[in-house]
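Letters go in sequence order (proteins before strands), and every chain restarts at 1.
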There are 2 protein chains.
Amino acid sequence: MPRPSEPTRARIVQAASALFYNEGIRRVSVDEVAAKAGLTKRTLYYHFKSKDDLVAAYLAARDQPNLALFRTWFAEAEGGLSAKVEAIFKNLARSARHPKWKGCGFLRTSAELANMPGHPAIRIGAAHKKKFEDWLRATFAEHGVADPLKLARQILLLLDGSFAVVLLHRDASYMETASEAARTLIETALAKPGRKRG
Amino acid sequence: MPRPSEPTRARIVQAASALFYNEGIRRVSVDEVAAKAGLTKRTLYYHFKSKDDLVAAYLAARDQPNLALFRTWFAEAEGGLSAKVEAIFKNLARSARHPKWKGCGFLRTSAELANMPGHPAIRIGAAHKKKFEDWLRATFAEHGVADPLKLARQILLLLDGSFAVVLLHRDASYMETASEAARTLIETALAKPGRKRG
DNA sequence: TTGTGTATATTCACTGGTTAGTATACATAC
DNA sequence: GTATGTATACTAACCAGTGAATATACACAA
């Protein structure tokens with residue numbers, strides 16, 4: 001069945017995502033991914049030129065859905081700016097209590113491949129975090145924050161710190177601590193003079 | 001030369017540390033560690049019962065020196081509480097600009113071995129971070145912070161967030177952003193009523 | 001409608017290399 | 001002569017990537 005190429009590729013990425021996220025990049029062999037996708041390794045190598053390519057596709061597939069989720073949590077939360085940001089941490093805490101949760105796939109991949117600085121997957125991870133940071137910066141700017149970039153980076157640090165710490169201790173309550181810290185930083189930033197939102 | 005057993009073991013841990021930190025746990029083979037230590041794999045297995053055991057020893061050896069470094073940076077800094085905490089971030093930023101820097105070995109190991117929750121190395125990493133948190137908590141309590149544990153965890157989140165973000169973007173300036181956030185959180189905590197230090 | 005060429009998609013079987021861990025023997029010190 | 005420590009040589013499994021062959025769908029010609 002030559003024609004339906006796209007579903008095959010998507011199925012491989014889906015299988016790779018589950019395995020790479022759950023077990024780690026180097027722990028998972030290309031054979032395992034192919035088996036999980038229900039095809040042979042040779043077929044996988046028809047769609048992806050190397051394992052590194054597959055790893056990059058795994059993270060690329062997570063980029064937009066992840067960002068959309070954060071934006072949804074923010075948009076659907078009641079209250080002011082800090083309450084909306086806190087909603088992200090609260091929802092993340094709920095996710096983190098799920099037994100299959102294993103931290104942030106982007107950060108874990110960058111940690112595992114730290115010896116390969118230019119790796120395509122790391123570039124995709126960096127771009128993903130930059131997009132999140134930029135969305136935060138724009139949002140803060142709309143809300144009249146004086147230095148929106150600085151605040152966006154501070155929140156990002158708390159967020160990624162949460163991922164790391166909660167993964168290490170398996171204690172999601174750190175996300176609520178991060179949430180409180182975020183509120184303090186946002187309120188402090190709002191107290192300083194800045195442009196009002198339009 | 002049977003007698004000098006301790007130097008041999010220490011040499012193995014030293015070789016393992018350099019390789020595991022620079023290349024990652026699963027990337028480095030036991031043969032490589034043995035070769036770097038200048039002995040055979042069989043000798044290594046005389047001193048360590050498994051690779052997991054060796055990984056745990058790698059992190060255990062980093063525990064005390066790492067904590068001592070943080071305490072030194074804090075103690076030798078001029079100024080008040082927030083200035084002393086900021087000194088940790090500033091010194092870390094300097095370390096992070098070194099080309100061989102590759103983040104926090106404890107966090108990277110926990111990320112790489114996230115599929116093995118009870119792994120001895122992860123337990124050692126968790127204990128290490130708890131010790132740091134506890135030292136911060138005690139220090140903040142001495143300085144009259146009303147909720148020293150909460151502030152300690154907030155600072156820890158910024159610190160570990162810095163490790164993750166700086167590793168991903170290879171941009172140490174995030175550590176200075178974290179430093180500013182830490183100052184805001186500390187000043188906010190100090191502004192609330194609490195016991196004075198003795 | 002039927003035959004045929006071609007790009008697409010898939011499989012089997014394989015290579016060369018690596019890996020954690022071990023069986024066995026040997027050496028040195030006390 | 002026995003504990004301790006080191007080395008040689010091995011196993012059995014795994015792993016990223018490839019060579020060669022094959023199957024299907026579709027375009028186009030007869």
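Evaluated for a salt bridge (Lys or Arg N to Asp or Glu O under 4.0 Å) with B/E176, the options B/R97, B/R94, B/R183, B/K90 yield exactly one hit, B/R97.
Following rounding to the nearest Å, B/Y45 (OH) and D/dA7 (P) show an atom-to-atom distance of 16 Å. Following rounding to the nearest Å, A/L54 (CG) and D/dG17 (C1') show an atom-to-atom distance of 13 Å. The interatomic distance linking A/L39 (CG) with C/dT8 (P) rounds to 19 Å, in whole Å. Between the C1' atom of D/dG5 and the NZ atom of B/K49 lies a distance of 20 Å, rounded to the nearest Å. Atom CD1 in A/I25 sits about 12 Å away from atom P in D/dA16, given to the nearest Å. Look at CZ on A/R9: it is 13 Å from P on C/dT10, rounded to the nearest Å.
Here the side chain of B/E76 pairs no donor or acceptor atom with the backbone of B/W73 at under 3.5 angstrom.
Residue A/T8 places at least one side-chain N or O under 4.0 Å from the OP1 or OP2 atom of C/dT10. Between B/H47 and D/dT4 there is no side-chain N or O to OP1 or OP2 distance below 4.0 Å. For the pair A/Y46 and C/dT10, the criterion of a side-chain N or O lying under 4.0 Å from OP1 or OP2 is not met.
Note on A/V28 and A/V30: same hydrophobic cluster, where clusters join Ile, Leu, Val, Met, Phe, Trp and Tyr whose side-chain heavy atoms are under 4.5 Å apart, directly or indirectly.
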Without placing hydrogens or testing angles, list every side-chain donor-acceptor pair under 3.5 Å for residues 149-164 of chain A, not counting sequence neighbours.
{"from": "A/K150", "atom 1": "NZ", "to": "B/E180", "atom 2": "OE1", "distance (Å)": "2.9"}
{"from": "A/R153", "atom 1": "NE", "to": "A/E133", "atom 2": "OE2", "distance (Å)": "3.1"}
{"from": "A/D160", "atom 1": "OD1", "to": "A/K129", "atom 2": "NZ", "distance (Å)": "2.9"}
{"from": "A/S162", "atom 1": "OG", "to": "A/L158", "atom 2": "O", "distance (Å)": "2.7"}

**Asked** Can you check side chain to side chain contact (heavy atoms under 4.5 Å, CB included) on B/T139 and B/K84, steps first, answer last?
**Response** CA-CA 11 Å; B/T139 304; B/K84 282 169 158 297; over 6 Å; no
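Within the 6.0 Å centre-distance limit, the rings of A/W135 and A/F74 are counted as a close aromatic pair.
A/D171 and A/S173 are linked by a side-chain donor-acceptor pair at a separation below 3.5 angstrom, with hydrogens and angles left out of the test.
In this structure, A/R71 fails the cation-pi test against A/F132, since its NZ or CZ atom is not both closer than 6.0 Å to the six-membered ring centre and inside 45 degrees of the ring normal.
Ion pairing between B/D134 and B/R137 holds under the 4.0 Å rule for side-chain N and carboxylate O.
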**Message:** For nucleotides 8-15 of chain D, give me one character per nucleotide, 5' to 3': B if any protein heavy atom sits under 4.0 Å from the base, S if the only such contacts are to the sugar-phosphate, - if neither.
**Reply:** B------S
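Each end of the helix from C/dT1-D/dA30 to C/dA27-D/dT4 gets its own axis, taken as the rotation carrying the C1' atoms of four end pairs onto the next four within a five-pair window, and the two axes meet at 0° to the nearest 10 degrees.
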